[in-house]
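Presented below is the structure to which this report refers.
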Amino acid sequence: MKHDFIITLALVFVIGAFEGSPLHAQRLTRERLSFNADWRFQKGDPAGTEGQLAYDKVKPWVIATGNEFLSRAATPAPVAGNPGNDIPYAQPSFDDHTWRQLNLPHDWGIEGPFKQEYPGETGKLPWWGVGWYRKHFSVSPGEKGRQFYLDVDGAMAYAMVWLNGKFVGGWPYGYASFELDLTPYIQFGADNLIAIRLDNPPDSSRWYPGGGIYRNVWLIKTSQIHVSHWGTYVTTPNVTSASAMIDLRVTLQNDSLNNAIVTITSQILEVGAKGNKTAAPPAFAPVKVEVRAGERMTANMSARIDTPKLWKLQVPNLYSLVTTISQAGRTIDRYETSFGIRTIKFDVDKGFLLNGEQLKIQGVCNHHDLGALGSALNLRALERQLEILKEMGVNALRTSHNPPAPELLELADRMGFVVMDEAFDAWRRGKKKNDYHLLFDDWHEKDLRAQVRRDRNHPSVILWSIGNEIGEQGNAEGHALAAQLAQIVHEEDTTRPVTAGANNVNAGYNGFQKTVDVFGYNYKPAEYGKFRQSNPSLPLFASETASTVSSRGEYFFPVVPDKAQGRADFQVSSYDLYAPRWAWPPDVEFRGLDEFPFTAGEFVWTGFDYLGEPTPYDRDSTTLLNFTDQTRQQQAANEFKETGRITVPSRSSYFGIVDLAGFKKDRFYIYQARWRPDFPMVHILPHWNWPERTGQVTPVHVYTSGDEAELFLNGRSLGRKKRAAHDYRLRWDDVKYEPGELHVVAYRNGRRWAEDTIKTAGAPAKLILKADRTRIKADGEDLSFVTVMVADSNGLLVPRSRNRLRFEISGPGEIVATDNGDATNLESFQAKERNAYNGLCLVVIRSRPDRPGQIKLRVQSPGLSASEVVINSVREMAQSR
Ligand code: GAL
C-alpha cells in the first residue's frame, strides 16, 4: 500500500509539474485513501424507529446495488424514494458528538461481556443487533468532476449506506466486499456525512461472526473515465521457463456525459523481495478505445515476458501491472494490479501440480476471527497466524466458509500459500434460522461474481469453492444449483477449477460430483478408493479433515482411544486421539491419504482455534463430567442432581492445532513431522509433572520426522521403536510415571536425527516474557504478541500452573487483548489480569500512532518475581517483504 502511495504521489508531482498545477493533476489520477479513522459509533436504532429499516422493508432499494454483477435479464428495476429520510441517524443534521469515537476495523462483539446464557456455538459474545457508524469528511471545491467511491472490504452484516441523508446502497452478506458510488451525493466545499447502518441477525451463524465494520474501508477518487471496480483481469495462458504470455483484460467505465477516446497502456513491474518494484519489459502495446458516455467497455491485450520469475511457494515471485489510461495525451487514471506467473493443475493421478510439480496439499481450514482480537482485521495478527502455520509446514489455506479479507490473499501471495477460496456455507437450505439461505435467491450471483472478480488475480488462489456441506448435495434441485454456481464462476474465471466441500458420502456418486471440476470430501478417509472407482477421471482432494479436539496441555487418564473419552473440566485430553462422531484423529486421515495417494491432500479442521463451536461442549452437558478439583466436582454433581445437566462455559473451539492465543498444541508436531519431513524434529507428550501418578501408567507418545526413536526415563532406556507402515506416532503406552527426565532420541535411516527432553518442573518461581517482535511500527496498528510463561527457578515451564497475572504497560503502547487459550475462560479479552493456563498467557500490545518510543510491559503475580519486556516502537521499519 505504502508503495502505491509513493508512486501515486510521484506521478502527481511529475504530471503536476508538467501541467503547471498539482491540483489539476490530482484531479485526474486515482487516489485510494484509508477511510478507517474517526468514526462515531452507536448500537441500536433511534428510539421509536426500531425495525423501520429492517432489510425486508428496504429491500427494493438495497437490491439495486451491485447490478453490474447480474446477467442483464435479472437486473431489478430501480425504485423511487429515499429510505431513511425520517431516521435521524441517517441524516446529517443529527448531532453524534456523544457517540463513541473509534477507528475501523471494529468488531463490537469482541468487547463482550461474555455471558453464560449466550450461545457457546457463537462464542458467548454479543455480536448481533443493530449498529450505526457515522463519519464526517470534507471534499474541496477543486475536486468537482471527479468520481467518489466507498469501498467496504467487509461489514457484518446487512450494510446500508447514506451520504448526506441520501440512501446510496447496501450489501447484506457480511463476508462480501463491495463498492458504492458516492458521487451523486457529494457536497463540494462542504461537510459530508456518511452513515452506515448494520443489522446483524441473531441465529445467523454456526461460529462467531463478529459484528461491525470489521474490515478496511477506503475512499476512492478517480477521474470520470477510469478503470472500473476490480476492472483488471490478468491471466497467463502459456507459461514455460523461457517465456510467459500475459493476457490482460481491462474494463473501463465512462461516467462523463461524453463519449471518449482513450489510450490504455500497461507496464509490467517486477516486485522484489522487499516490495520494491522495477520495470520488467515488455510494456503492452498501447490500445486506443472508445468508451461511450455512461457505459463500460472491456479491452483485451497481450504481451510476452521472457524468462518469467515463477510464483512458487518457496519463492513467491510477484509482478505488478500498472495500467495507465490517457486521454488527449494526459494521464487520467493509473491502476495497479498485483499478479503472479504460475501454472496450476489438478490431475486425477498426481493430485495437485504447481508449475508442473506435484504439491501435496498440506492445508488448514480457518475461520476469520483473530482470537482475542475478534473479527476486526489486523494485518499483523493475520500474518502471525500464517507464520505459525508455515512453521508447521502448512502450504494451503481454506477460507472456511466464506470470502476472506483481501489481506489474507495478499499475505498468501507474498508468503507462499495456495488458497481454496470459499463462497458459502449454505444455499437455499439454511443451517441456521437466519443464515445465508434468506439471501441466496437475490444475492448469490452478485456475491459469487463479486468474489471471483475481486480475487481472480491472486496467484495464491487455486480453487473456487461454491459451498461447504451444502444441504442440497443429495437432491436434483441442488445439483442444478451447483451447476449454475459453477457456471457463474467459470464465466468470471476460466483458469481455476470449481469445487465444494462434500460431507454427504453420496455426493461422490449421485450426480453432485459431476457439477464440480475437482471433488472435495469432508471427513471420508476410507472412501477415496471407492470414489476413484466410480469417478475415474475426476480429481479428488480432502476438503476438510480430522476435526480432532484437544486442549493445550491437558492430559486425562486412562488414555483410551474412544470417541467419547478424553473429557474432563470442559477440556479435552491432548493425546490427539479424540474427535466427534463424524471426525478422526490426524493419523486416520494420514492413512487414507497414503493408501490413496492420488488424493491431492487435505485441509485440516482447523489451523487455529476459533471463537464459537466448542464441540464437544456445544451444549449443556447431560452427563456428569470429571473435574480435577474436588470442590468443583461436588458442585457439578449437585447441579446435575438438581437440574439433570451441567452448565457448560465453553466459548471457543477445541479443534485448533494451535490454540486461540496462538500457542501450539501437541498436534502441531504430528503435522510438522509429516509436512516437513526434512526438518529434524521430535516431540514428546504429555508433560512430566504428575506427582499424583507416581507408579501409575502414564503413556508417552512421540511425534517425529524420523523413522525410529528411543525413549529414556531418568537415563533408563524404555526401548527403541520403529514406525511401521501407517504409524504416524510412536507410543510407549505402559510407562510408569516417576518424576525426573524424559529424553527421546529420534533416528532416520539409522542415523541420529533429533532429540527432545522434558523435565519435571518445580514450583512456580518466576515469569519469563517473550515478545514475538521487540520492534514494531509506531502506526497505531502494529502489534507485538508477548508470551508470558510461568517458570520454576530453573526457567522450566510449570505445565499445570494457573497463576494469576497482572499486566501493566507504560510508554506509547496499549494492551489491546489478553488470552490464555483456555476455551472456558469467560473473562473479558480486554482484561488487564488473567490466569495463566497451563503455564502460558498472551498479551497483545499495540503501538500508538506517531508516538515512537519504548513500550514497557510489566507482569506481576503474587509470590513470583515480576518481569518486564521492552518493545521499541519506531517510525520507520525496513520492509520485511
Ligand atoms: C464440519 C463443518 C465445519 C465444522 C466442523 C466441525 O462438518 O464443515 O464448519 O462445523 O464440521 O467438526
Side-chain angles (χ1 to χ4, degrees), residues 119-123 174-175 203-210 363-369 375 397-404 420-427 429-432 435-437 463 465-474 478 499-508 512 516 519-527 541-551 563-564 566-567 572 576-586 588-589 602-619 650-660 665 667 823:
E121 185 182 24
T122 53
Y175 295 104
D203 207 11
S204 54
S205 181
R206 297 192 298 114
W207 56 88
Y208 175 79
V364 292
C365 308
N366 272 330
H367 280 312
H368 65 308
D369 75 64
S375 61
L397 307 166
R398 174 182 177 204
T399 70
S400 40
H401 302 298
N402 43 259
M420 167 175 170
D421 195 345
E422 191 149 84
F424 307 118
D425 193 44
W427 297 345
R429 262 200 211 176
K431 296 180 180 172
K432 305 298 295 177
D435 71 13
Y436 194 78
H437 74 282
L463 277 171
S465 166
I466 52 176
N468 171 60
E469 301 193 346
I470 293 301
E472 292 94 334
Q473 288 161 84
T499 192
N503 62 326
N504 179 343
V505 74
N506 297 324
F512 184 83
V516 293
F519 188 80
Y521 253 144
N522 287 8
Y523 307 106
K524 303 287 178 290
E527 292 291 324
F541 75 112
S543 36
E544 198 174 308
T545 62
S547 268
T548 309
V549 278
S550 65
S551 307
K563 295 232 166 203
R567 299 187 189 194
V572 184
D576 298 334
L577 296 167
Y578 309 108
R581 178 179 43 77
W582 58 90
W584 310 99
V588 176
E589 184 61 42
E602 64 171 321
F603 287 93
V604 180
W605 192 265
T606 49
F608 273 70
D609 270 329
Y610 51 96
L611 292 164
E613 213 180 24
T615 309
Y617 305 112
D618 308 79
R619 265 162 236 103
S650 305
R651 44 80 164 156
S652 50
S653 76
Y654 301 81
F655 292 119
I657 299 171
V658 180
D659 78 14
L660 198 76
K665 299 183 189 173
R667 248 185 298 149

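By convention here, the first residue in the shown sequence is residue 1. Whatever order the structure lists them in is the order used to number ligands and atoms, beginning at 1. This is a predicted model, so every value here is computed, not measured.
- Using a 4.0 Å cut-off to heavy atoms of Glu469, the atoms of ligand 1 that qualify are 1 (C), 2 (C), 7 (O), 8 (O).
- The residue from Lys432, Arg651, Arg619 that alone fulfils the side chain to side chain donor-acceptor pair (under 3.5 Å) condition with Glu121 is Lys432.
- Heavy atoms of Asp425 found under 4.0 angstrom from ligand 1: none, in either backbone or side chain.
- Close approach to His401 involves these atoms of ligand 1, each under 4.0 Å from a residue heavy atom: 3 (C), 8 (O), 9 (O).
- In summary, Lys665 and Asp576 do not engage in a salt bridge, as defined by a charged side-chain N under 4.0 Å from a carboxylate O.
- At distances below 3.5 Å, not a single donor-acceptor pair connects side-chain atoms of Ser550 with backbone N or O atoms of Val572.
- No heavy atom of Trp207 sits closer than 4.0 Å to any atom of ligand 1.
- No donor-acceptor pair closer than 3.5 Å links the side chain of His367 to the backbone N or O of Tyr208.
- Lys431 places a side-chain N or O within 3.5 Å of a backbone atom of Glu469 that can act as its donor or acceptor partner.
- Of all the listed residues (Glu544, Arg581, His367), Glu544 holds the heavy atom that lies closest to atom 1 (C) of ligand 1.
- Ligand 1 is approached by Asn468 to a heavy-atom distance shorter than 4.0 Å.
- Checked against Trp605 for a ring-ring contact (aromatic ring centres under 6.0 Å, His included), the options Tyr654, Tyr610, Tyr523 give a single hit: Tyr610.
- For the pair Ser653 (side chain) and Asp609 (backbone), a donor-acceptor distance under 3.5 Å is absent.
- Nearest protein heavy-atom neighbour of atom 10 (O) of ligand 1: Glu613 OE2, 2.4 Å.
- Within the 4.0 Å heavy-atom criterion, the part of Tyr523 lying near ligand 1 is the side chain and not the backbone.
- The shortest contact between atom 12 (O) of ligand 1 and any protein heavy atom is with Ser547 OG, 2.6 Å.
- Polar contact with ligand 1: absent for Tyr610 (N/O pair, distance under 3.5 Å).
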